[in-house]
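Computed from a predicted structure; not experimentally measured. Each chain gets a letter, A, B and so on, in the order the sequences are listed, and its residues count up from 1.
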Number of protein chains: 2
Amino acid sequence: MKTTSTISKKQFIINAAADLFEEKGYSGTSIRDLASKVGLEPSSIYSHIKSKEELLSEICMGCAGEFTVGMEKIFQLNISARKKLKALISLHLDMAFANPASVTVFNDEWRHLPEPILEDFIHLRKAYEKKFRKILIEGKDDEKFNFDNSEIVFNIILKSLSWSYTAIKKYKREELESELSVFILNAINK
Amino acid sequence: MKTTSTISKKQFIINAAADLFEEKGYSGTSIRDLASKVGLEPSSIYSHIKSKEELLSEICMGCAGEFTVGMEKIFQLNISARKKLKALISLHLDMAFANPASVTVFNDEWRHLPEPILEDFIHLRKAYEKKFRKILIEGKDDEKFNFDNSEIVFNIILKSLSWSYTAIKKYKREELESELSVFILNAINK
DNA sequence: CCTACCGATCGGTAGG
DNA sequence: CCTACCGATCGGTAGG
């Protein structure tokens, strides 16, 4: 009982923090801003969290974990590289529509993560990039995709997908996913 | 004499601020950080600038002005939409290679601009977007480009180009421009 | 979860 | 361009 309600209140505070970090940035958000948003006194925030940095860590590592799990599932599927890439586009849109603020913070504020969590985060990010590029190169080897530098192309695709996090308020998911898929697949189709 | 040296010292401080804002963000950078970077006491910074916000304004409005001028030149050329798009890709790479830190700050920190400058900035940004999308639509009307929503496609392209600001340390300009041009033009070619 | 409070740091000013 | 300093705000703690 107690545990459950404590956890959900903590999650409520983390979600409010994600909204503020998205709006004002991590450094531009104070614990007092957060307290007033959730209707507590500033010091009461510390009944639920250990530090401001913990809020950022929860947000960023939460997203990183979900992206890692999503990638793992897609990576192991026995389907073509093109279908895997489409599944990755869907994964990014799933994340964007489920937690728009958190994913924006994950994208833009991770550099403020404290060590040693920052190091873990960068490792997860590199592992994600490695698998993503393997899928791209797989498509190139099968003569389905065409590009020179998989690192550059990976980063362009990732940036295109990141834009969707700010776009979800304005577009329907189908329209966004369709335009993104057509754009990206045309871009690298052989 | 005096005026010239004052201006160049001011520009030196602005450039140092751009480096710090890129590294730590606007809110995460203090005047004391800046002072120690340029070898002055914190209060001496105010002999050259009026406020911390002025530093951000100079950086962001400087870039906005250069992008506006660059766009105006390309927009008025009597060439195909495809050539105009290629020229816009070159413009973004010119900017990235000339002032990598400033352009990153321009991209990521503009929301911290104080009013009424923020309003001016947003107007310039909207005018830039309007012309960019006109070029895209011109290519679509001539049946050279293919896409549904010019606003979505504009934003994807812009995000792809923004990535280059972080990439210039790692790649040669020709390689980056080639990969970006091929990617973007393939993406929307009919 | 609150009241009361801490030392550190912030952007910025006065005066020379 | 410096010394000296301002009030405001920061993240966070003690104690109940």
Minimum heavy-atom separation for A:Asp148 to A:Lys140, with atom names?
-> O-NZ, 3.6 Å
Closer than 4.0 Å, any side-chain N/O of A:Ser47 to the OP1 or OP2 of C:dC1?
-> no
Has B:Lys86 got more than 12 heavy atoms of other residues, nucleotides or ligands less than 6.0 Å from its NZ?
-> no
Closest to side chain of A:Leu40, choosing from C:dG12, D:dG11, C:dC2 | C:dC2
NZ of A:Lys50 versus P of D:dG12: gap in Å, rounded?
-> 12 Å
For D:dT3, the nucleotide meeting Watson-Crick or G-U wobble distances (both under 3.5 Å) is C:dA14
Starting at CD of B:Glu41 and ending at C1' of D:dA4, how long is that distance when rounded to a whole Å?
-> 11 Å
Closest of C:dG12, D:dC2, D:dG11 to the B:Ser44 side chain is D:dC2
Does the distance from a Lys or Arg side-chain N to an Asp or Glu carboxylate O, for A:Arg111 and B:Glu23, drop under 4.0 Å?
-> no
Starting from P on C:dC10, measure out to CG on B:Leu20 and report it in whole angstrom.
-> 12 Å
Using 4.0 Å as the upper bound for N to carboxylate O, is an ion pair formed by A:Asp19 and A:Lys24?
-> no
Whole-Å distance, A:Glu53 CD to D:dG11 C1', equals 10 Å
A:Tyr46 OH to D:dA14 P, in whole Å, measures 13 Å
Closest to the A:Ser30 side chain: D:dC10, D:dC1, C:dC10?
-> D:dC10
Quick one: label A:Ser43 by what it contacts on the DNA or RNA (base, sugar-phosphate, nothing), any heavy atom closer than 4.0 Å.
-> base
State whether B:Arg133 and B:Glu138 are salt-bridged, where the test is any N-O pair (Lys NZ or Arg NE/NH1/NH2 against Asp/Glu carboxylate O) under 4.0 Å.
-> no
Report the distance from atom NE2 of B:His48 to atom P of C:dG12, rounded to the nearest whole Å.
-> 16 Å
Within the structure shown, what part of the strands sits under 4.0 Å from A:Ser27 by heavy-atom distance: base, sugar-phosphate, or nothing?
-> nothing
Whole Å only: how far is the CD1 atom of B:Ile31 from the P atom of C:dG11?
-> 6 Å
CD1 of B:Ile49 versus C1' of D:dC1: gap in Å, rounded?
-> 14 Å
Think A:Lys9 has a side-chain N or O under 4.0 angstrom from the OP1 or OP2 of C:dC1?
-> yes
